[in-house]
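Presented below is the structure to which this report refers.
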There are 2 protein chains.
Amino acid sequence: MATSTVENYLKHMLLLSEGGEELVSMGALAEALAVVPGTVTTMVKALADSGHVEHRPRQGVRLTAEGRRVALNVLRKHRLVECFLVNVLKMDWAAVDTEAEQLEHAISDEVLDRLDALLGHPETDPHGDPIPSRQGKLDSQVYATLATCVVEKPLRIVRITDQSAEFLQFVEHNGLLPGESVRVTERNLASGLVTAKKTAGRPLVLSLAAAGKILVQPTR
Amino acid sequence: MATSTVENYLKHMLLLSEGGEELVSMGALAEALAVVPGTVTTMVKALADSGHVEHRPRQGVRLTAEGRRVALNVLRKHRLVECFLVNVLKMDWAAVDTEAEQLEHAISDEVLDRLDALLGHPETDPHGDPIPSRQGKLDSQVYATLATCVVEKPLRIVRITDQSAEFLQFVEHNGLLPGESVRVTERNLASGLVTAKKTAGRPLVLSLAAAGKILVQPTR
DNA sequence: TTAGTTATTTTGATTAGTCAAAATAAACGT
DNA sequence: ACGTTTATTTTGACTAATCAAAATAACTAA
């Protein structure tokens, strides 16, 4: 059985490779896991021995089919737990990532299935992140962001890709939750500022960096 | 923050001392934790250094006030999680102990409180084991068992003190769940057999050992 | 007492995961 | 092509938790 350390390595590899194809660098992984690069090298070699990853020395790592399977299962647990914490326990949107970080390693597949049923088989978590299916399918649709979308087009927010409590609180405070309608009224690359407007509300200015973390879809 | 290993040591000390007063032997602890005695000695010395226990060499250990506080919190998590798994997720009575074993170390105090509210502040878990209060009060009432109660007196089952899946399945199969009414019709110390009868049902024969794990209360 | 049994403690080794810092390889700019 | 910067790997050391087996202390029965 994979330890929670192993589960974390695999989960972050999945998240960093946007679907699991490209090589992930040791540095990026070290950064994501908050350990020094040397530790990652050591661990990745062990993971290669156990068949979870393929290690290309001095280039990077990639998940094997088995590693990807484990990673998707952990991610499914993480996101379903987030749904549970927000929808059933009514916890704060911004706090649940930290909680789920612990719980994702403690819940069994049995509990996972029942939780999924209880929640009505949701497709995304409260931040709009897609939940991998039981069979390991993960929606990999590429969305526009408030930093890349067409100006003045009516949009619907679908997902927030930064799970830090500060950013989520900012998003919540400004009513930019998934499901809300907005449009970008102005974008200035030089100043790095984006102005967005909700259907009923005053204009809201945010940085390109922040805007890039808010994924949107054209309203159909 | 206490590791889950530390939490397990403290929890089992609490369970083995029936309330936290008497000394617990190294052997009993080793048995309960499924480690060799030498490991327990080492660990207990560390726990004494951190102020969680008082170690009397060659005699045993006892929880300090702080150790007891931590242990009660873990036990509260364990039992509330069991309630959740059975009452909300409708999981099998006999399987939830194993699940809760993992979850008790992963849920935060915040989640614990909300779970408690969601479940309506239950006083016992599905096996009848008392749930420590948030303030650390644990019902320590001493109950009779089917092995010690008065013969022919009408009783109500309040608690099952063996959490092994096999025993719980046996109990469930024979309708001896907490809340049920029974009486002992015969007890033979020589053969070591107890005969019990539910209000509507045929007589049921069980060993003294098994009968001693079923706690009862006179029906008032 | 004295010998023998039993519980506990000590000692030395092992595994998983980590860090600091030195060594190495690759990439980059001129 | 050459030195410099940057990423990665290696090396040696450390902590938490464990086991096997030897040493010690305590209890027990004659």
Side-chain angles (χ1 to χ4, degrees), chain A residues 1-17 22-64 66-67 70-71 74 101-102 104-106, chain B residues 1-17 22-64 66-67 70-71 74 101-102 104-106:
Chain A
M1 191 45 71
T3 66
S4 47
T5 304
V6 166
E7 289 186 345
N8 273 331
Y9 273 79
L10 299 177
K11 181 186 72 173
H12 279 109
M13 276 182 227
L14 180 66
L15 292 173
L16 288 171
S17 66
E22 319 82 16
L23 287 174
V24 174
S25 76
M26 299 290 131
L29 208 40
E31 162 88 29
L33 291 160
V35 296
V36 301
T39 302
V40 173
T41 301
T42 311
M43 199 57 200
V44 158
K45 285 205 280 189
L47 254 23
D49 284 347
S50 62
H52 290 101
V53 307
E54 180 193 342
H55 182 204
R56 296 276 181 78
R58 304 257 165 205
Q59 297 189 77
V61 272
R62 182 200 328 264
L63 291 169
T64 61
E66 170 60 9
V70 174
V74 176
E101 213 64 49
Q102 301 305 312
E104 67 188 7
H105 309 296
Chain B
M1 188 49 71
T3 64
S4 46
T5 305
V6 166
E7 290 187 344
N8 273 332
Y9 273 79
L10 299 176
K11 182 187 70 173
H12 278 109
M13 276 182 226
L14 179 66
L15 292 174
L16 287 171
S17 66
E22 319 84 14
L23 287 173
V24 175
S25 76
M26 298 291 133
L29 207 41
E31 162 88 28
L33 291 159
V35 297
V36 299
T39 302
V40 173
T41 300
T42 311
M43 197 60 200
V44 159
K45 286 205 281 190
L47 254 23
D49 284 347
S50 62
H52 290 101
V53 306
E54 179 193 341
H55 182 205
R56 296 278 180 76
R58 304 253 165 209
Q59 298 188 76
V61 274
R62 180 198 333 261
L63 291 169
T64 60
E66 171 60 8
V70 175
V74 176
E101 212 65 49
Q102 301 305 311
E104 66 188 9
H105 309 297

Spacing of B:E22 atom CD and B:L16 atom CG [to the nearest 0.5 Å] | 10.5 Å

A:T64 (side chain) donor-acceptor with A:H52 (main chain) under 3.5 angstrom = yes

Here the residues of residues 39-57 of chain A within 4.0 Å heavy-atom distance, strictly under, of DNA chain C are A:T39, A:M43

Output the distance between atom CG (A:L63) and atom OH (A:Y9), rounded to the nearest 0.5 Å.
-> 14.0 Å

Nucleotide interval of DNA chain C bounded by contacts with chain B (heavy-atom cut-off, under 4.0 Å) | C:dA7 to C:dT10

Would you classify B:G38 as touching base, sugar-phosphate or nothing, given that sugar-phosphate means primed atoms plus P, OP1 and OP2, and contacts are heavy atoms under 4.0 Å?
-> base

Whole angstrom is fine here: how far is it from CE in B:M26 over to P in D:dA25?
-> 17 Å

Compare all side-chain heavy atoms of B:E7 with those of B:T3 and state whether any distance is below 4.5 angstrom.
-> no

Separation of atom OH in B:Y9 from atom P in D:dA16, rounded to whole Å = 14 Å

Should we say atom CD of A:E66 is surrounded by more than 12 heavy atoms from elsewhere, each under 6.0 Å from it?
-> yes

Does A:R58 reach the side chain of A:M26, with side-chain heavy atoms less than 4.5 Å apart?
-> no

Provide the closest heavy-atom pair for A:H55 versus A:G60 in the form atom of the first, atom of the second, distance.
-> CD2-O, 3.5 Å

What are the two closest non-hydrogen atoms of A:S17 and A:V24, and how far apart are they?
-> CB-CG2, 3.8 Å

